[in-house]
Amino acid sequence: MDDEFAKLIRRMNPPRVVIDNDVCEHATVIQVDSVNRHGILLEVIQFLVDLNLVITKAYISSDGGYLMDVFYVTDINGQKIGDQATISYIKTTVETNASFLNSMRSSVGVVPSKEYTSIELTGTDRPGLLSEVSAVLTDLSCSVVSAEIWTHNGRAAALLHVKDQSSGCAIEDQKRLLKIKKLLCNVLRTNGDLRTPSMSISSARVLHGERRLHQMLFADRDFERLDCVNYNSRPHVTILDCSDRDYTAVTIRSKDRPKLLFDTVCCLTDMQYVVYHGTVVTGRMEAYQEYYIKHVDGFPISSEAERQRVMACLEAAIERRASEGLELELYTDDRFGLLSDITRILREYGLCIRRAEISTMGRKAKDTFFVTDASGNPVDPKIVDSIQHQIGRTILQVKGNLNTPPKLPQEPARSFFFTNFFKGRSFQSFKLIKSCS
């Protein structure tokens with residue numbers, strides 16, 4: 001009955017979106033007003049980042065059953081949204097198509113698929129793991145259509161969409177699926193691993209692979225620190241009691257990068273925390289995030305163990321997508337066994353794949369790999385030159401440069417607590433959104 005009443009309230013108060021290109025010189029400002037519910041903040045952010053928009057600032061407020069979120073966004077080139085079709089699509093989708101959010105309300109969203117078979121893998125990371133997985137799939141006549149692979153803290157997670165090489169359709173034969181699972185489990189299994197590898201195969205296609213990878217690594221407890229790993233560059237997370245307002249205050253200082261806000265809010269949402277207020281400000285090098293949160297049961301963080309766990313999980317969520325290593329981009333004609341061949345070459349040159357995104361578009365394959373040497377150090381330029389010579393310089397290109405990224409400047413973290421930042425102010429006084437007649 002309560003759920004039906006909540007649906008009625010949402011139908012009576014549909015989301016309202018205002019998009020303005022005039023109030024800010026460097027970004028398009030998007031304001032979303034809506035009835036609040038757990039997860040809606042993440043869903044709006046997910047929708048924006050899926051359009052390849054970069055969120056440079058955000059102001060979040062959701063007390064009293066309603067939310068008002070303001071996002072400053074640019075395209076990937078740092079420009080305002082100039083395409084009226086994109087502006088109209090954002091406004092129309094959020095305001096009129098309520099199902100676009102509800103489809104991802106409590107999960108990553110899955111749909112039945114006759115085209116692909118989805119494979120999820122989690123286990124201990126090691127050099128050559130992706131090469132071994134792709135070789136097994138090739139031997140079993142499975143063609144990899146798309147895949148995302150993340151590694152963090154000695155753990156690895158992969159989400160692959162495959163199809164039968166001869167029919168071009170999803171694999172439905174149960175005996176064959178059992179064989180695939182058995183052989184891949186053998187690849188994942190390592191001596192002395194205290195954690196059991198995890199694997200699943202289904203006929204459902206995951207709609208948002210990045211959120212699913214977050215969930216997989218979280219379930220695999222990749223946030224538990226290893227003594228042998230250097231964490232000097234990890235994000236700085238502070239969690240404080242805000243007893244006067246019955247919130248927990250979370251502040252995060254880290255290197256800025258695309259999708260940082262999504263990764264942070266994804267972590268808090270999947271851990272069943274609600275963001276009541278928040279401020280996100282990004283700079284040339286760094287990003288500052290500040291949130292007032294409570295658990296979905298209405299209580300703030302109440303123990304030191306819980307505080308330490310939330311800190312560790314937020315650090316892990318931000319680190320997973322950090323661009324560790326040299327970025328290599330492969331673009332060539334697609335063919336069966338291509339992924340197996342490329343990853344074998346990288347393995348033979350002693351390179352470790354830290355993160356990868358595999359995609360096919362028609363008859364073309366576009367694969368991105370972030371690689372280091374076996375010890376996690378930057379790749380020797382001579383090795384990269386040899387690999388390009390073998391594969392082809394026009395086919396395999398280096399993105400960025402071979403130098404290590406600069407360290408974050410050591411300056412004191414700033415604070416944007418709402419008690420100070422919004423003292424005596426309102427959103428109207430920020431001139432974020434012009435009033436509508």
Side-chain angles (χ1 to χ4, degrees), residues 32 37-55 58 60 69 71 73 90 93-94 97-113 116 118-122 145-153 155-161 198-202 204-223 235 252 254 257-275 278 280 289 291 293 296 310 312-323 355-359 368 370:
V32 179
R37 60 172 172 77
H38 181 57
I40 191 171
L41 172 63
L42 174 61
E43 292 156 8
V44 172
I45 294 171
Q46 180 173 307
F47 175 66
L48 295 176
V49 300
D50 283 348
L51 294 176
N52 289 324
L53 298 178
V54 178
I55 300 173
I60 300 158
D69 299 336
F71 304 98
V73 303
I90 294 171
T93 304
V94 177
N97 187 9
S99 63
F100 102 94
L101 293 175
N102 293 331
S103 67
M104 299 177 288
R105 179 172 180 179
S106 59
S107 68
V108 294
V110 293
V111 294
S113 176
Y116 314 123
S118 295
I119 301 176
E120 295 182 357
L121 306 169
T122 56
V145 179
S146 63
E148 288 184 85
I149 298 93
W150 287 3
T151 65
H152 175 253
N153 198 23
R155 309 302 296 171
L159 176 61
L160 306 100
H161 293 139
S198 175
M199 179 186 173
S200 67
I201 300 178
S202 71
R205 180 168 63 91
V206 176
L207 295 179
H208 203 276
E210 293 174 341
R211 185 172 182 194
R212 182 60 190 146
L213 286 167
H214 273 303
Q215 293 174 341
M216 291 164 64
L217 284 169
F218 174 72
D220 195 52
R221 304 181 68 83
D222 73 319
F223 52 86
I252 305 170
S254 67
R257 59 166 175 77
K259 300 186 180 182
L260 177 63
L261 177 59
F262 169 79
D263 293 338
T264 304
V265 176
C266 182
C267 175
L268 292 171
T269 303
D270 287 339
M271 293 186 73
Q272 300 298 300
Y273 289 97
V274 179
V275 177
V280 178
Q289 302 178 71
Y291 304 100
I293 67 170
V296 289
V310 173
C313 289
L314 284 170
E315 290 170 355
I318 293 171
E319 290 169 346
R320 287 170 194 148
R321 201 201 296 269
S323 301
R355 187 158 62 90
E357 182 175 346
I358 312 302
S359 62
T368 302
F370 289 88

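Just so it is clear, the structure is predicted and the values come from calculations on it, not from any experiment.
Note: Y116 and H161 have parallel aromatic rings, judged against thresholds of 30 and 60 degrees for the angle between ring planes.
The heavy-atom pair separating M216 from L121 by the smallest distance is CE-O, 3.4 Å. Among all heavy-atom pairs drawn from A317 and H214, the shortest one is O-CE1, 3.4 Å. Contact between Y291 and G278 at its shortest, heavy atoms only, is CD2-CA, 4.0 Å. Scanning both residues, P235 and E319, for their nearest heavy atoms gives CD-OE2, 3.5 Å. In terms of heavy atoms, L260 sits closest to S254 at CD2-OG, 3.6 Å. Contact between E148 and E357 at its shortest, heavy atoms only, is CG-CG, 4.3 Å.
Checking side-chain atoms of R155 against main-chain N and O of T122 turns up no donor-acceptor pair under 3.5 Å. D222 places no side-chain N or O within 3.5 Å of a backbone atom of N153 that could act as its donor or acceptor partner.
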Applying side-chain contact (heavy atoms from CB on, under 4.5 Å) to V280 and I55, what does each step give before you reach the verdict?
CA-CA 9 Å; V280 178; I55 300 173; 5.8 Å; no
If you apply the rule side-chain contact (heavy atoms from CB on, under 4.5 Å), what do you find for I90 with F47, and how did you get there?
CA-CA 9 Å; I90 294 171; F47 175 66; 4.2 Å; yes
Run H152 and R355 through side-chain contact (heavy atoms from CB on, under 4.5 Å) and show every step you take.
CA-CA 9 Å; H152 175 253; R355 187 158 62 90; over 6 Å; no
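Inter-residue side-chain proximity for D263 and R257 is flagged as met; some heavy-atom pair is nearer than 4.5 Å. Contact annotation: the side chain of V44 never approaches that of D69 to less than 4.5 Å [non-hydrogen atoms, C-beta and beyond]. Contact annotation: the side chain of L213 never approaches that of R321 to less than 4.5 Å [non-hydrogen atoms, C-beta and beyond].
Taken from CZ in F262 to OG1 in T264, the straight-line distance is 10.5 Å, to the nearest 0.5 Å. Going from atom CZ of R211 over to atom CG of D50 covers 11.5 Å, rounded to the nearest 0.5 Å. Once rounded to the nearest 0.5 Å, the distance linking CD1 of I40 with OG1 of T269 reads 11.5 Å. The distance from atom CG of L268 to atom CG of L42, rounded to the nearest 0.5 Å, is 9.5 Å. In this structure, the separation between SG on C266 and CD on E43 is 11.0 Å, given to the nearest 0.5 Å. Here the straight-line distance linking atom CG of L48 with atom CG of L261 works out to 9.5 Å at 0.5 Å rounding.
Comment: E210 does not engage R320 in a salt bridge, judged by the lack of any side-chain N to carboxylate O separation of less than 4.0 angstrom.
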